[in-house]
Amino acid sequence: MDKWTVARALREIASYIELSEPNPFKARAFESAARRIESLDRSVDDLVATGGLHSTPGIGRSIGPIVADLVTKGHSAYLDELRSRYPPGIFELLRVPALGLKKIGVLYSELGIASLDELEAAAQAGRVAGLAGFGAKTQKKILDGIATARRRSSQFLLSFGLEVGESLRGRLAQIDAIEDAIVSGSVRRRLEIVDSVDIVVATGDSVRAIAEVEKRGLLDRLEQDGWTMLRGFGRDEIPVSLHLTAPADCGAALVVTTGSADFVEAFASTIAKNGFELRHRELFHNGRHIRSENESALFERVAVPFVDPELRESGDVLRRKKRVRLVEPADLKGTFHVHTTFSDGRNSVAEMLSAARDRGFDYVGISDHSPNAFYANGVTVDDLTGQHAEIDAQRALVAPMRVFRGTEADILDDGTIDYGHATLPRFDFVVASIHSRFAMDREAMTARMLRALDDPFVTILGHLTGRLLLGRTGYAIDFDRVFDRAAERGVMIEINGNPHRLELDWRLAGRAIDRGVLLCINPDAHSIAELSHVISGVWLARKAGLSAKHIFNTRPVDEVADYLEKRRQKAMERVLSAEC
DNA sequence: GCCGTTTTCGGCCCGACTGTTTTCAGTCG
């Protein structure tokens, strides 16, 4: 069993404990044990086999045997028992805003509520308001929140849609009767929130193809709609549509099913001028069927410059005379905003650096949290020396990759930057982010951010609005004023590739670019695996129509090093002259 | 549940906000 699976089991135990136990520290002990396991630098099997478990901090007499059970038996009797005490799916109530594990525990023990439907019925009957710790306002909030929770359960993050789509595509491609399978729809357009997965399936024998899909159980609750459409559900109930098409019509089927509806409509009317028509996912010219094995051949045949799928949200893009070369993952030479175990990262400096080198980066910037971020174990001024020494010690091992020492410093309530000017010069770069007081009004929040942008040590503005997709709307700011100030001060704005954040929003990126703001694609990585968030950052940049020239970290290492050093020097001069 | 040279109990990362309370618990970041 790998360490991630063990950690997940420990977290599940922590959640069950929080439902029922009054002592909050017991659940926290399991949480911290999970973190310990995740940050192991060797396999958990090895740790158990060699008896090293007992000397691992945070894992004591109770948790030790649970970890050993998980590793040696593949399950834990303790966790099995906890699971049997509650109905499955009780944690779906967490989707309701204002409901945490404590309240869910009370709802279950007092009223036996363990699903959204039961909760809704009880709240409508007024039974929730009578519970200890609940009241009329909470009951109203819950009723409002159930709608949100239901909506959230029918929407999915792009990263999830892509994972389900690609895994299905791979399994479809293994079927003999299927020549090709390509993910289309809003996933292919890289829309940040999707409600379904669409796959074009090219086959010369749809009867056999459908029979195989059914036989292999690739989808749940399969419905057949004629011979060209199969609908079902993938993992976690995401709706999936398979669009069966003859291989000769694959290009047309891709255009139509990729959408958007607006784009396809505009595309159809553009090509109609030359006598072409899209009908039932097939291409016709003056009534005669035209082969379109792939999309680029189709665009060429109808004499329209190819439009990258990410740009197909509206038909306006068809007015362009030429295709713009969008930024690609291979364009990124390095990245910033990478956390380590010095704050809330799960991997050490050494692990993160060698993983960055293995991705082929020429440079990487380490940026742990600043002291104000208590909950994220921010690095104190005293601990900085140790971290910098550790980074310096690792440099030679990952050469010639260049390592920059940075921070993700909190923007404090008044807009000043955590650490202050006594310490900020010690960093090669500073990502400034807001992690507290999200509820400020638009005016106050904008003022706070403008002041942060005025600090000469700030290099990059981190996750612009703090939004969490399907979780939390970002704080309100006046974007144009922030973009103007960022351009004026030469502060970059981050494209945060974390699939839950994906901001600055692709709908806004063009406005920032037009005002002269430079952008930087960062992973906000808290583990080796999360370094891949630079790829989702590239999706966003492509969706915004950006090229390599708009992105700072497509620049070569020498240019980047020079830029950062000059900026740091200038900041120190400005601060010194202000003090004189 | 874990930890500890103050060693078997008492503390455990913090703060804003909200609603239910009338001094605090739960949620969220």
Side-chain angles (χ1 to χ4, degrees), chain A residues 9-11 13-37 53-67 76 78-79 82 91 93-107 109 123 128-145 148-149 341-344 368-380 383 408 410-414 418 433-441 444-445 448 462-463 465-475 498 500-501 524 526:
Chain A
L10 293 175
R11 287 213 167 83
I13 293 174
S15 298
Y16 279 118
I17 290 173
E18 214 177 327
L19 283 178
S20 54
E21 291 260 355
N23 174 12
F25 298 103
K26 188 168 165 183
R28 205 177 289 175
F30 279 89
E31 287 276 356
S32 81
R35 275 199 305 277
R36 287 283 180 182
I37 294 286
L53 210 48
H54 307 296
S55 53
T56 308
I59 296 177
R61 287 170 185 216
S62 300
I63 300 182
I66 291 172
V67 173
S76 147
Y78 182 54
L79 176 55
L82 285 170
F91 295 123
L93 294 176
L94 280 171
R95 291 211 190 101
V96 181
L99 277 192
L101 288 165
K102 282 275 168 268
K103 283 200 157 68
I104 292 171
V106 173
L107 286 168
S109 62
V128 171
L131 295 173
F134 291 75
K137 280 194 177 175
T138 303
Q139 178 167 276
K140 167 92 174 37
K141 222 172 174 177
I142 285 173
L143 275 173
D144 295 343
T148 313
T341 45
F342 272 92
S343 65
D344 61 349
D368 274 306
H369 287 283
S370 65
N372 188 63
F374 306 104
Y375 59 88
N377 189 30
V379 182
T380 62
D383 290 340
E408 184 186 16
D410 272 26
I411 297 174
L412 305 179
D413 294 3
D414 63 356
D418 203 11
S433 308
I434 286 178
H435 290 116
S436 58
R437 296 292 305 279
F438 283 42
M440 279 186 177
D441 67 48
M445 196 55 112
R448 179 182 180 188
H463 44 72
T465 72
R467 76 175 182 189
L468 291 177
L469 294 167
L470 302 180
R472 166 179 87 198
T473 52
Y475 33 80
N498 182 315
H500 293 272
R501 297 187 184 271
D524 200 349
H526 289 76

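All chains are named by letter (A, B, ...) in the order of the sequence lines, taking the proteins before the strands, and each is independently numbered beginning at 1.
Atom CG of A:L79 sits about 9.0 Å away from atom CG of A:L10, to the nearest 0.5 Å. Distance CD/A:Q139 to CG/A:D144: 11.0 Å, rounded to 0.5 Å. Annotation: the span from A:R11 atom CZ to A:I37 atom CD1 amounts to 11.0 Å, rounded to 0.5 Å. Atom CZ of A:R501 is separated from atom CZ of A:R467 by 10.5 Å, given to the nearest 0.5 angstrom.
Contact annotation: A:R437 reaches the phosphate of B:dC17 (side-chain N/O to OP1 or OP2, under 4.0 Å). One finds no side-chain N or O of A:S32 lying less than 4.0 angstrom from the OP1 or OP2 phosphate oxygen of B:dG1.
When the C1' atom is used for both B:dT22 and B:dG29, the distance is 27 Å, rounded to whole Å. Between B:dC2 and B:dT6, the distance separating the two P atoms is 23 Å to the nearest Å. A gap of 15 Å separates the C1' atoms of B:dT18 and B:dT23, to the nearest Å. Taking the C1' atoms as reference points, B:dT7 lies 28 Å from B:dC14, given to the whole Å. Spacing between B:dC13 and B:dC28 at atom C1', rounded to whole Å, works out to 15 Å. Separating the P atom of B:dG1 from that of B:dT5 is a span of 22 Å, rounded to the nearest Å. One C1' atom belongs to B:dG10, the other to B:dG15, and the distance between them is 23 Å to the nearest Å. Nucleotides B:dC17 and B:dC12, compared at atom C1', are 23 Å apart to the nearest Å.
For B:dT8, there is no paired base (Watson-Crick or G-U wobble, both distances below 3.5 Å).
To the nearest angstrom, P of B:dG1 lies 19 Å from CZ of A:R11. Look at CG on A:L10: it is 14 Å from C1' on B:dC2, rounded to the nearest Å. For the pair A:D383 CG and B:dC13 C1', the interatomic distance rounds to 14 Å; values are reported in whole Å. Rounded to a whole Å, the CD1 atom of A:I142 is 17 Å from the P atom of B:dT18.
Qualifying side chain to side chain donor-acceptor pair (under 3.5 Å) partners for A:K26, counting only residues two or more places apart in sequence or in other chains: A:E21. Judged as a side chain to side chain donor-acceptor pair (under 3.5 Å), and not counting sequence neighbours, the contacts of A:N372 are A:D410. For A:F91, the side-chain contact (heavy atoms from CB on, under 4.5 Å) partners are A:S15, A:Y16, A:L19, A:L94, A:L101, not counting sequence neighbours. Here A:F438 pairs with A:Y475 under the ring-ring contact (aromatic ring centres under 6.0 Å, His included) rule; sequence neighbours left out.
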Quiz item: What string of B, S and - do you get for nucleotides 19-29 of chain B 5' to 3' if you count protein non-hydrogen atoms under 4.0 Å?
Solution: SSS----SSSS

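Within 4.0 Å (heavy atoms only), A:P57 reaches sugar-phosphate atoms of the nucleic acid but no base atom.
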What nitrogen or oxygen pairs link the protein and nucleotides 4-12 of chain B at under 3.5 Å?
none

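With hydrogens and angles ignored, the 3.5 Å screen pairs no side-chain donor or acceptor of A:T56 with any backbone N or O of A:I59.
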Quiz item: What's the verdict on side-chain contact (heavy atoms from CB on, under 4.5 Å) for A:I434 and A:M445, showing C-alpha distance, side-chain angles and the deciding distance?
Solution: CA-CA 10 Å; A:I434 286 178; A:M445 196 55 112; 3.8 Å; yes

